[in-house]
2 protein chains.
Amino acid sequence: MAPPNPTFSPLYQQIKGLLIQSLQNGEWKPGELIPSETELAGRYGVSQGTVRKAIDELAAENLVVRKQGRGTFVATHNEDRAQYRFLRLVSDAGQALVPKSTYLSVDRVRANTDVATLLDIKPSDPVFVVKRTLGFEGIPRIFDEIWLPAAQYKGLTLERLQACDSTLYGFLESAFGVRMLRAVENIKAVSAQSEQADRLHVPEGTPLLMVERQSMTYADQLVELRRGWYVTDQFSYRNELY
Amino acid sequence: MAPPNPTFSPLYQQIKGLLIQSLQNGEWKPGELIPSETELAGRYGVSQGTVRKAIDELAAENLVVRKQGRGTFVATHNEDRAQYRFLRLVSDAGQALVPKSTYLSVDRVRANTDVATLLDIKPSDPVFVVKRTLGFEGIPRIFDEIWLPAAQYKGLTLERLQACDSTLYGFLESAFGVRMLRAVENIKAVSAQSEQADRLHVPEGTPLLMVERQSMTYADQLVELRRGWYVTDQFSYRNELY
DNA sequence: TAGTGGTCTAGACCACGTG
DNA sequence: ACGTGGTCTAGACCACTAT
């Protein structure tokens, strides 16, 4: 007899929202243990199964990591073997590849309209431009140009990047509290222009994979734009479809 | 006091296995409704919640599709709006793209070692080679070479492909009962060779995205190998990372 | 109105990791 | 031995779809 509720939202979704808030406001930091399911159930006044379903979704989105017998941890780009979580490369021989990065430059500039649009900021807002290469066995095979809205990365310098021995995302997470949660990539084939050819030690005109990535943190806020040029004669970009 | 079971397998995983068997042996065909959760619970002698968790995983893997109030259906490459489930392209303007395919040839040949390895069959086993283009607004922008182990596609001809107005996967599903469930892609940038340049109306040497896809059906059995060359100056290959 | 999947609960027990 | 997440159950109720 009761009318159906047009704005129905499952309890576990609301709990999920509360958990995301606690993650976002830093109540639980990357790498830390969050309270147990029963404790959270008590805190929010719901059953343990409802908390479980909320955490299930967070785990599916890689915001947290469950470890049986130990607890649930906030996901981190550091110290996990989740290094290079977003970079899926396989060598032609079929092995996974671990690149080594070399930072070339960091500049503070004003965003052009192109970059501003893709970062959802105002044109002429300040951004850092980071250039680097990723190499395998000493040979640079990826050249990245990375735009970071300056507002969220105050104090970024080339020296700090070069001094850091973790992943870029690991560094940005621990130094600026910016957590990369999700990204969208658009991939094309292009011809190497002079700068790319130079950085990658290939002739101009060499076909390169161009990967444009927009990365997001909580609430889908854009916090990185990146264009990478890949020399793919020894390896491939790997993707799985379901 | 009881010793832990080293070969522990959750009940819902076993149920999932039974459900997959029924899907595989054709008890429920693509597009059909499968029995309700309560009925399956009765059949297997478990609770409805256990069946639910099994079906949850099948739905997450796109083997079945749940529709609230109606039931659970076997996934299909036909009649769904799940057309081109594995092809994620976006135009530079940001819209999704719906290609139109043109079949060029079908040949029955013996697999070379390269193809045989990637299809997990014996060299010199017979395979069909299908060539086609995908176009947008009449302009061919993707050239595909598709290898299909002949054993599973008896009677495939160019005429049948040309006569069919559904997706390739939709056709292979209804004509041969082969369901593409999962695929792995390796992507590179290459220079257009003569055949590709010819088919795609671009000069030789044009940078092309080369997408090599291995497709699998139940039990991860390889049932397709495909190499596609994409002219990516008007659109991109889209990928989402989590 | 009947049947389906979707949510929520409460409680029991198991497997895993750590002391 | 203890606490955690993981499984399983049984039952109640809600939302959606079809008839």
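Below, chain A is the first sequence line, B the second, and so on; all start at residue 1. Computed from heavy atoms alone, side chains included, the values below leave out hydrogens, waters and symmetry copies.
Here the P atom of nucleotide C:dG3 and the CD1 atom of B:Ile34 are 19 Å apart, to the nearest Å. Between B:Gln13 atom CD and C:dA15 atom P the separation is 15 Å, expressed in whole Å. If you measure from atom NZ of A:Lys67 to atom C1' of D:dG3, you get 17 Å, rounded to the nearest angstrom. In this structure, the CD atom of B:Glu37 is 10 Å from the P atom of C:dT4, given to the nearest Å. B:Tyr12 places its OH atom 13 Å from the C1' atom of C:dC14, with the value rounded to the nearest Å. When rounded to the nearest whole Å, the span between CZ of A:Phe8 and P of D:dC13 equals 16 Å.
OP1 or OP2 of D:dG5 sits under 4.0 Å from a side-chain N or O of A:Thr72. Neither OP1 nor OP2 of C:dT4 sits under 4.0 Å from any side-chain N or O of B:Arg66.
No side-chain donor from either of B:Tyr12 and B:Asp56 sits under 3.5 Å from a side-chain acceptor of the other.
Distances from the side chain of B:Thr38 to the nucleotides C:dT4, C:dT7, D:dA18 place C:dT4 closest. Closest to the side chain of B:Leu11, out of C:dT4, D:dT9, C:dC8, is D:dT9. Out of D:dT4, C:dC8, C:dC16, the shortest distance to the side chain of A:Gln68 is found at C:dC16.
Between B:Arg227 and B:Asp144 no salt bridge is recorded (no basic side-chain N to carboxylate O distance below 4.0 Å).
Listed by first then second residue, pairs satisfying side chain to side chain donor-acceptor pair (under 3.5 Å) with a partner in residues 16-34 of chain B read B:Lys16-B:Glu57, B:Lys16-B:Glu61, B:Ser22-B:Glu27, B:Glu27-B:Arg43, not counting sequence neighbours. Listed by first and then second residue, the salt bridge (Lys or Arg N to Asp or Glu O under 4.0 Å) pairs that reach into residues 162-171 of chain B come to none, sequence neighbours excluded.
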Output side-chain donor-acceptor pairs under 3.5 Å for residues 146-158 of chain B, partner residues at least two apart or in another chain, one line each.
residue: B:Tyr153; atom: OH; partner: B:Val223; partner atom: O; Å: 2.8
residue: B:Thr157; atom: OG1; partner: B:Arg160; partner atom: N; Å: 3.2

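Contact check of residues 40-57 of chain B against DNA chain D (heavy atom, cut-off under 4.0 Å) returns B:Val46, B:Ser47, B:Thr50, B:Lys53.
In this structure, the ring-ring contact (aromatic ring centres under 6.0 Å, His included) partners of B:Phe235, at least two apart in sequence or on a different chain, are B:Phe136. Considering only residues two or more places apart in sequence or on other chains, A:Thr167 meets the side-chain contact (heavy atoms from CB on, under 4.5 Å) condition with A:Gln83, A:Tyr84, A:Tyr169.
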